[in-house]
Asker: 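Starting off with a structure, shown below.
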Number of protein chains: 2
Amino acid sequence: MIDAQTLQFAKAIADDTRQQIMTHLCCVWLSVSEIVEKLDGRVNQPTVSHHLKKLEEVDLVQVRQEGRSRLYTLNQERVTVCCGRLLVQFAPDYVSNVVPLSQIAPVK
Amino acid sequence: MIDAQTLQFAKAIADDTRQQIMTHLCCVWLSVSEIVEKLDGRVNQPTVSHHLKKLEEVDLVQVRQEGRSRLYTLNQERVTVCCGRLLVQFAPDYVSNVVPLSQIAPVK
DNA sequence: CCATTATATCGATACGCATCAATATGTCAA
DNA sequence: TTGACATATTGATGCGTATCGATATAATGG
């Protein structure tokens, strides 16, 4: 009855550390150790790997191997899709006021 | 560093029972006992009250007293605002493609 | 006031999961 | 291969919280 995707997305972003990681991975590719550095001693490497696995399971991050490092980045398209689902489910009276730009002006 | 509002919203919707309640409260006003009936034996009244309190704390539901009953409904506007914040934070490359309709055609 | 109905609160329990130290796996250079 | 570095996995621990039964609080009718 409940959309499993929406619940998974909500659970994935419902953690402080995970949101911090997502913030750092927004628009850039970072290795695990670089993420650990960005979090500046708040958590250590196994914890970061644990969270990255969770985020990867719900396709919220993309991964790429580069040398010995695995580079991660935030999957913004997935975020957009999941937020869209949230709006359809829980804000149907408002979702009609927010439309994709592509519906206004056709893409060339 | 992390937007506390966004984290609270995520935690509030990161529960199966709470999403079911939100679904039932979408566009309608229901009393606590009516919500319990809708959930059809899955949980009982104290649990529903517990979740409604959580949802009320983050302003995701509106409440109205009517006789002996307290009527609840989903605050769709809050959902919209929180989703907007999610998009700004975690999908900045896509948020420009989703614009409020009011920015396209001025409201008469 | 009392009885009834509706909802909230309390205390206890159990489960999920974030976190860590230790270790395993994987990758590359020499 | 070996050694060094990077990341993943494992097992254990502790905390947050969902859930329930029991009870308290609130509101209405008689």
Side-chain angles (χ1 to χ4, degrees), chain A residues 1-2 4 6-25 28-74, chain B residues 1-2 4 6-25 28-74:
Chain A
M1 163 198 175
I2 284 292
T6 300
L7 187 59
Q8 282 183 341
F9 171 69
K11 287 188 176 183
I13 65 173
D15 180 85
D16 186 8
T17 303
R18 228 133 52 209
Q19 285 206 7
Q20 291 190 33
I21 292 175
M22 289 171 69
T23 300
H24 285 121
L25 290 181
V28 293
W29 292 82
L30 293 181
S31 69
V32 177
S33 55
E34 285 172 330
I35 298 171
V36 173
E37 286 174 10
K38 294 268 184 185
L39 294 176
D40 204 46
R42 232 187 46 75
V43 291
N44 51 19
Q45 179 265 315
T47 300
V48 171
S49 284
H50 164 74
H51 287 304
L52 289 172
K53 186 179 182 183
K54 292 246 167 184
L55 292 173
E56 190 179 357
E57 284 169 357
V58 294
D59 200 27
L60 277 172
V61 292
Q62 294 172 311
V63 201
R64 169 161 62 89
Q65 189 86 25
E66 183 139 328
R68 312 181 190 188
S69 302
R70 289 177 67 110
L71 302 185
Y72 289 85
T73 195
L74 183 60
Chain B
M1 161 199 173
I2 284 293
T6 300
L7 186 59
Q8 282 184 339
F9 172 69
K11 288 189 175 182
I13 66 175
D15 179 85
D16 186 8
T17 303
R18 229 137 47 209
Q19 285 204 8
Q20 291 191 33
I21 292 175
M22 288 172 68
T23 300
H24 286 121
L25 290 182
V28 292
W29 291 82
L30 293 180
S31 68
V32 177
S33 54
E34 285 172 330
I35 298 171
V36 174
E37 286 174 10
K38 295 268 184 186
L39 293 177
D40 205 46
R42 233 187 46 74
V43 292
N44 51 18
Q45 180 264 314
T47 300
V48 172
S49 284
H50 164 75
H51 287 304
L52 289 172
K53 187 178 179 182
K54 293 246 169 186
L55 292 173
E56 190 180 356
E57 284 170 356
V58 293
D59 201 27
L60 277 172
V61 292
Q62 294 171 311
V63 201
R64 170 161 62 90
Q65 188 85 24
E66 183 139 327
R68 311 179 192 190
S69 302
R70 289 176 67 106
L71 301 185
Y72 290 84
T73 194
L74 184 61

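Quantities reported herein were computed from a predicted structural model and do not represent experimental measurements. In what follows, chains are A, B, ... by sequence order, proteins preceding strands, each numbered from 1.
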Asker: With rounding to the nearest 0.5 Å, note down the distance linking OG1 in A/Thr17 to CG in A/Leu39.
Answerer: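 These two atoms lie 7.0 Å from each other.
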Asker: Over how many whole Å does the gap from A/Leu55 atom CG to D/dA8 atom C1' extend?
Answerer: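 Value for this atom pair: 15 Å.
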Asker: For B/Arg70 and D/dA26, give me the distance from atom CZ to atom C1', rounded to whole Å.
Answerer: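 Roughly 10 Å, once rounded to whole Å.
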Asker: Could you measure the distance from the NE2 atom of A/His24 to the CG atom of A/Leu30? Nearest 0.5 Å is fine.
Answerer: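 A/His24 atom NE2 to A/Leu30 atom CG measures 8.0 Å (nearest 0.5 Å).
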Asker: Within the structure provided, determine whether A/Ile21 and A/Val61 are in side-chain contact (heavy-atom separation under 4.5 Å).
Answerer: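 They are not in contact (no side-chain heavy atoms under 4.5 Å apart), so the answer is no.
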Asker: Write down the distance between NZ (A/Lys53) and P (D/dA6), rounded to a whole number of angstrom.
Answerer: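 Result: 22 Å.
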Asker: Test B/Leu25 against every option in B/Leu52, B/Leu60, B/Leu71 by the side chain to side chain contact (heavy atoms under 4.5 Å, CB included) rule and name the one that passes.
Answerer: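 Of the listed options, the one satisfying the test is B/Leu52.
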Asker: Kindly say if A/Ser49 contacts the phosphate of D/dA8, meaning a side-chain N or O under 4.0 Å from OP1 or OP2.
Answerer: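 Indeed, a polar side-chain atom of A/Ser49 lies that close.
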Asker: Is it true that a side-chain atom of A/Thr73 and a backbone atom of A/Val28 form a donor plus acceptor pair closer than 3.5 Å?
Answerer: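 Yes; at least one donor-acceptor contact below 3.5 Å.
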Asker: First locate atom CG of A/Asp15, then atom NZ of A/Lys54, and finally report the distance between them rounded to the nearest 0.5 Å.
Answerer: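 Reported to 0.5 Å precision, the distance equals 9.0 Å.
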Asker: Rounded to the nearest angstrom, tell me the gap between atom NZ in B/Lys11 and atom P in D/dC15.
Answerer: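 Distance check: B/Lys11 NZ to D/dC15 P gives 15 Å.
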Asker: Over how many whole Å does the gap from B/Gln8 atom CD to D/dT17 atom C1' extend?
Answerer: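 Going from CD in B/Gln8 over to C1' in D/dT17 covers 16 Å.
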Asker: Side-chain N or O of A/Ser69 versus OP1/OP2 of D/dT7: is the shortest distance under 4.0 Å?
Answerer: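 Answer is yes, contact under 4.0 Å.
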Asker: Between B/Ile13 (CD1) and D/dA18 (P), how many Å, whole number?
Answerer: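 From B/Ile13 CD1 to D/dA18 P: 13 Å.
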Asker: D/dT7, D/dA18, D/dC5: which one has an atom nearest the side-chain heavy atoms of A/Arg68?
Answerer: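 Nearest to the side-chain atoms of A/Arg68, counting from C-beta on, is D/dC5.
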Asker: Once you apply a heavy-atom cut-off of 4.0 Å, does A/His50 come out as touching a base, just sugar-phosphate, or nothing?
Answerer: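 If one applies the 4.0 Å heavy-atom cut-off, A/His50 turns out to touch a base.
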Asker: Given atom CD of B/Glu66 and atom C1' of D/dA27, what is their separation to the nearest angstrom?
Answerer: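 My rounded result for the distance is 13 Å.
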Asker: Specify the closest pair of heavy atoms between A/Arg18 and A/Ala12, including all atoms of both residues, with the distance to one decimal.
Answerer: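 That closest heavy-atom pairing would be NE-O, 2.8 Å.
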Asker: Is any side-chain heavy atom of B/Phe9 closer than 4.5 Å to a side-chain heavy atom of B/Val58?
Answerer: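 B/Phe9 vs B/Val58: side chains apart.
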Asker: Which atoms form the tightest heavy-atom contact between A/Trp29 and A/Gln62, and what is the distance?
Answerer: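 Smallest interatomic distance, heavy atoms only, reads CZ3-O, 3.7 Å.
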Asker: If you walk 5' to 3' along DNA chain C, what is the first nucleotide with an atom under 4.0 Å of a heavy atom in chain B, and what is the last?
Answerer: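 With heavy atoms of chain B under 4.0 Å away, the range is C/dT4 to C/dT9.
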Asker: Distance check: side-chain N/O of A/Ser33 vs OP1/OP2 of D/dT7, anything under 4.0 Å?
Answerer: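 So the side-chain polar atoms of A/Ser33 do come within 4.0 Å of the phosphate oxygens OP1 or OP2 of D/dT7, strictly under.
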Asker: Kindly state which residues belonging to residues 37-45 of chain A come within less than 4.0 angstrom of DNA chain C, counting heavy atoms of the residue only, listed by number.
Answerer: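 Only A/Arg42, A/Val43, A/Asn44 qualify.
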Asker: Of B/Val32 and A/Ala14, whose closest DNA chain C nucleotide lies nearer the 5' terminus?
Answerer: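 So the residue in question is B/Val32.
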Asker: Just how far, in rounded Å, is C1' of D/dA6 from CG of A/Leu30?
Answerer: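 In whole Å, D/dA6 C1' lies 15 Å from A/Leu30 CG.
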